[in-house]
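First the structure, in the form of structure tokens, and then the observations on it.
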Number of protein chains: 2
Amino acid sequence: MSKKATIYDIAKELKITAATVSRALNNNPKISKKTRELVHATAAKMNYKQNKLALALKSGKSKNVGVVVPFINKNFFASVIRGIEDELYPKGFHVIISQTHEDVDREKKIIQNLINAQVDGILISTSFTNENKEQLNQELKKSTPFIFFDRVLNFDGTSTVTIDDYQGGFDATEHLIYQGCKRIAHFYVDQNIELYNNRLNGYKDALLKHRIAYHSDYIISLTSDMEAGKEAAEKLMKLPVPPDAIFSSTDNGLLGAVKYLQSISVKIPEDFCVVGFSNEPFTQFLEPSISSVDQSPMEMGKMAAKVFLKQIENDESGIDENVVLPAKLIIRKSSSKQ
Amino acid sequence: MSKKATIYDIAKELKITAATVSRALNNNPKISKKTRELVHATAAKMNYKQNKLALALKSGKSKNVGVVVPFINKNFFASVIRGIEDELYPKGFHVIISQTHEDVDREKKIIQNLINAQVDGILISTSFTNENKEQLNQELKKSTPFIFFDRVLNFDGTSTVTIDDYQGGFDATEHLIYQGCKRIAHFYVDQNIELYNNRLNGYKDALLKHRIAYHSDYIISLTSDMEAGKEAAEKLMKLPVPPDAIFSSTDNGLLGAVKYLQSISVKIPEDFCVVGFSNEPFTQFLEPSISSVDQSPMEMGKMAAKVFLKQIENDESGIDENVVLPAKLIIRKSSSKQ
DNA sequence: TTGTACGCGTTATCAT
DNA sequence: ATGATAACGCGTACAA
């Protein structure tokens with residue numbers, strides 16, 4: 001493997017200085033057309049590539065942004081990242097991805113690493129909760145711009161991009177009410193993450209608006225996996241008065257519930273309606289197809305990227321923008337009685 | 001936002017030189033315990049972070065690897081990336097992700113960019129075909145190690161990690177034969193990508209082994225989306241002698257076919273068996289669940305990362321390793337007659 | 001044990 | 001229009 005050519009190598013070859021080469025390559029108008037062309041030609045011949053590390057060191061801008069998510073191989077996060085990439089790549093930025101596995105210690109290390117790597121900003125869906133967020137506080141006060149998306153923390157002076165989880169919860173629940181459901185259960189994800197509380201509050205307020213009593217028996221806490229949903233549904237159906245609908249904060253959990261209900265011959269949507277959250281790809285292929293609240297992950301990624309770009313333009317200001325994207329209820333068979 | 005502290009700032013604070021600070025921070029044994037502790041304490045107090053850019057520029061190693069895939073929000077690629085991340089992160093590497101959108105011009109630019117960014121290596125699932133691979137040849141000869149995975153190109157001196165697509169195609173087809181299927185169609189993806197040809201060849205050889213005639217009418221070329229699969233199935237079922245099974249190189253295409261078959265009341269697996277490829281998550285949740293060939297994406301990612309690590313250890317050698325992982329046929333209801 | 005001086009590759013500032 | 005030099009932050013060979 002040959003050493004990479006530098007502007008010095010080109011300079012030596014042409015018996016000029018590196019400064020001139022640099023200017024020629026950057027199309028500085030003060031350079032004569034002749035040398036400019038000569039330099040470009042020689043650069044191509046020597047297979048010269050600009051060393052962005054040196055540029056970054058000099059300019060103080062790495063043109064890299066860090067993206068931190070719990071897992072990358074979940075459709076939601078992968079799509080958010082795609083949105084970020086699509087928005088930032090044309091502006092010359094690279095995206096450095098890290099996954100925390102929902103481990104806050106690991107998340108701290110990752111953030112440290114990214115800052116060490118001189119990223120120009122960090123776009124993050126955090127695994128920290130409001131209880132332990134103080135551990136992050138220190139980092140945030142420092143020099144790297146932070147943008148939170150989806151799983152956010154409310155710090156002063158940091159921007160956030162979320163969807164309207166409250167509205168999503170409200171719309172989903174109200175939709176079930178309009179379908180004639182009287183006893184609507186809710187799958188809650190107990191991670192002390194704000195967005196799940198928002199969805200729960202939307203659910204509660206929809207009940208309230210329609211004067212339907214709130215029963216704590218109908219609220220089941222679970223993790224967002226299929227097995228937990230199965231157990232939750234079993235528990236619900238063994239209540240003295242079982243529910244006739246579920247609004248779930250997680251599609252995966254709901255999937256388990258649907259499989260269980262089908263196994264005991266409960267007819268969906270005739271006898272029982274369900275609505276999930278996230279609009280995971282599988283929801284549209286199942287029989288019956290599952291209604292779900294879409295989170296527009298691509299748009300969220302693009303928006304987070306835009307907020308980041310705006311933030312680094314305004315430089316020292318530390319603007320505090322809180323973008324809330326709409327939550328879109330997608331109605332499918334699982335909650336369509338007529 | 002405050003400027004970041006450097007070793008010079010620490011040196012000034014302590015009235016020593018930057019060199020001493022550097023040595024102390026790196027726990028150089030020649031530094032007295034006293035100053036070492038003092039330096040560490042001051043560094044912490046001043047919130048010092050090592051600038052990896054400077055380190056990278058000096059050492060010539062960025063500790064970044066580029067990962068290039070067609071799309072990131074497809075389960076297969078997201079999972080491969082997760083495998084790469086999980087393997088490389090503990091070794092101090094960062095992963096820079098880029099997606100080509102299957103655009104070879106964009107792919108060339110991305111590679112250029114990554115090389116400019118001084119990545120220590122590039123792990124890539126390419127959108128180039130053997131026909132136009134010469135455009136990449138030039139890059140590969142240069143200083144950055146390339147590892148191809150899944151969609152590979154066969155260059156001398158570059159390593160590849162794939163699954164055994166031929167075996168996957170063979171096993172899937174033979175399995176259908178064992179189920180009693182006599183007229184097995186095949187969905188082929190016509191992108192001139194080697195792995196699709198390998199799957200087709202596995203299919204052909206399985207037919208050959210069991211003395212079943214090959215009919216070109218039963219080979220349908222399509223893109224890997226649902227709509228194309230639907231049309232393909234329609235076409236097949238209108239043949240004078242329609243098939244009684246499909247082995248599809250793409251789960252998404254197969255999904256469309258299944259939906260179509262169900263719409264015309266063809267019973268799966270009783271009247272018609274299907275097997276897909278990729279083991280997309282939705283295959284296990286559908287009714288009936290869909291048999292598919294698993295590509296072990298996490299393992300592929302880990303293996304690609306390992307090959308990369310081995311390659312940079314052996315430095316100048318340019319080893320040419322070709323790892324082939326097993327393809328695992330997952331049998332589900334869609335091809336289980338008994 | 002610590003200080004001095006240099007280089008990594010680039011661009012910007014000041015000369016010429 | 002071009003050259004010379006400094007600077008970005010770090011590690012290290014050489015000196016002391």
Side-chain angles (χ1 to χ4, degrees), chain A residues 2-40 42-43 46-64 92 113 115-120 143-144, chain B residues 2-40 42-43 46-64 92 113 115-120 143-144:
Chain A
S2 57
K3 289 266 165 55
K4 289 170 185 167
T6 74
I7 52 172
Y8 279 93
D9 300 323
I10 299 175
K12 199 183 294 174
E13 180 85 6
L14 261 41
K15 297 187 192 300
I16 54 179
T17 59
T20 306
V21 174
S22 172
R23 281 186 280 244
L25 289 172
N26 290 312
N27 294 317
N28 185 317
K30 301 199 166 181
I31 294 294
S32 73
K33 192 176 175 185
K34 192 173 147 192
T35 46
R36 176 156 47 83
E37 285 169 355
L38 199 58
V39 167
H40 274 106
T42 319
M46 299 178 73
N47 196 40
Y48 166 80
K49 304 279 165 58
Q50 185 193 49
N51 185 329
K52 290 216 173 154
L53 248 37
L55 183 58
L57 178 60
K58 176 117 185 72
S59 68
K61 308 204 170 306
S62 68
K63 285 289 194 169
N64 281 149
N113 266 318
I115 292 176
N116 293 3
Q118 309 296 114
V119 292
D120 294 340
S143 45
T144 308
Chain B
S2 56
K3 289 265 164 56
K4 288 170 185 166
T6 73
I7 51 172
Y8 281 93
D9 299 324
I10 299 175
K12 199 182 293 176
E13 180 85 6
L14 262 40
K15 296 186 194 300
I16 53 178
T17 58
T20 307
V21 174
S22 171
R23 282 185 278 246
L25 288 171
N26 290 311
N27 294 316
N28 184 318
K30 303 202 163 178
I31 294 296
S32 73
K33 190 177 176 182
K34 191 172 148 193
T35 46
R36 177 156 47 85
E37 285 170 356
L38 198 58
V39 166
H40 274 106
T42 319
M46 298 178 73
N47 195 41
Y48 166 80
K49 305 277 166 56
Q50 184 193 51
N51 185 329
K52 291 216 172 155
L53 247 37
L55 184 57
L57 180 59
K58 179 130 186 61
S59 68
K61 308 204 169 306
S62 67
K63 283 288 193 173
N64 282 148
N113 266 318
I115 292 176
N116 293 2
Q118 308 297 115
V119 292
D120 295 340
S143 43
T144 309

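Letters A, B, ... mirror the listed sequences (proteins, then strands); counts begin at 1. All values reported here derive from a predicted model rather than from experimental measurement.
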Heavy-atom nearest pair, I115(B) first then K49(A), reads CG2-CG, 4.3 Å

Separation between CG (L57(A)) and CG (N51(A)), nearest 0.5 Å, reads 10.0 Å

Taken to the nearest whole Å, NZ/K12(B) to P/dG3(C) is 15 Å

Can you check whether V21(A) reaches Y48(A) side chain to side chain, under 4.5 Å on heavy atoms?
no

Counting the atoms with a prime plus P, OP1 and OP2 as sugar-phosphate, which does L53(A) contact under 4.0 Å by heavy atoms, base, sugar-phosphate, or nothing? nothing

*So, is T20(A) close to the dG3(D) phosphate, meaning a side-chain N or O under 4.0 Å from OP1 or OP2?*
yes

Is there, by distance only and without an angle test, a donor paired with an acceptor across the side chain of R23(A) and the base of dT13(C) below 3.5 Å? yes

- request: For L55(A), report the nucleic acid contact type (base, sugar-phosphate, nothing); a contact means any heavy atom under 4.0 Å.
  value: sugar-phosphate

Under-4.0 Å side-chain N/O to phosphate OP1/OP2 contact, Q118(A) with dC8(D): no

Of the listed dT5(D), dG9(C), dC10(D), the closest approach to the A54(B) side chain comes from dC10(D)

From CZ of R36(A) across to C1' of dA1(D) the rounded distance in Å is 12 Å

Atom OH of Y8(B) and atom C1' of dT4(C) are separated, to the nearest Å, by 10 Å

K34(B) NZ to dT1(C) P, in whole Å, measures 13 Å

In whole angstroms, the gap separating P of dT11(C) from CG of N51(A) amounts to 10 Å

Mind checking if T17(B) touches a base, just sugar-phosphate, or nothing, with heavy atoms under 4.0 Å? base

Minimal heavy-atom distance between L53(A) and A117(B), with the atoms involved, is CD1-O, 3.8 Å

Here the gap from N64(A) atom CG to D120(A) atom CG, rounded to the nearest 0.5 Å, amounts to 7.0 Å

query: Which part of the nucleic acid, if any, lies within reach of S22(B) when heavy atoms closer than 4.0 Å are counted: base, sugar-phosphate only, or nothing?
result: base

When rounded to whole Å, the NZ to C1' distance for the pair K30(A) and dA15(C) reads 12 Å

ask   = Within the structure shown, what part of the strands sits under 4.0 Å from T35(B) by heavy-atom distance: base, sugar-phosphate, or nothing?
value = sugar-phosphate

In whole angstroms, the gap separating P of dA5(C) from NZ of K58(B) amounts to 16 Å

Between CG of N26(B) and P of dT2(C) the distance, given in whole Å, is 15 Å

Determine the contact category for I7(A): base if any of its heavy atoms lies under 4.0 Å from a base atom, sugar-phosphate if only primed atoms, P, OP1 or OP2 are that close, otherwise nothing.
-> base

Which of dT2(D), dA12(C), dT4(C) is nearest the side chain of A19(B)? It is dT4(C)

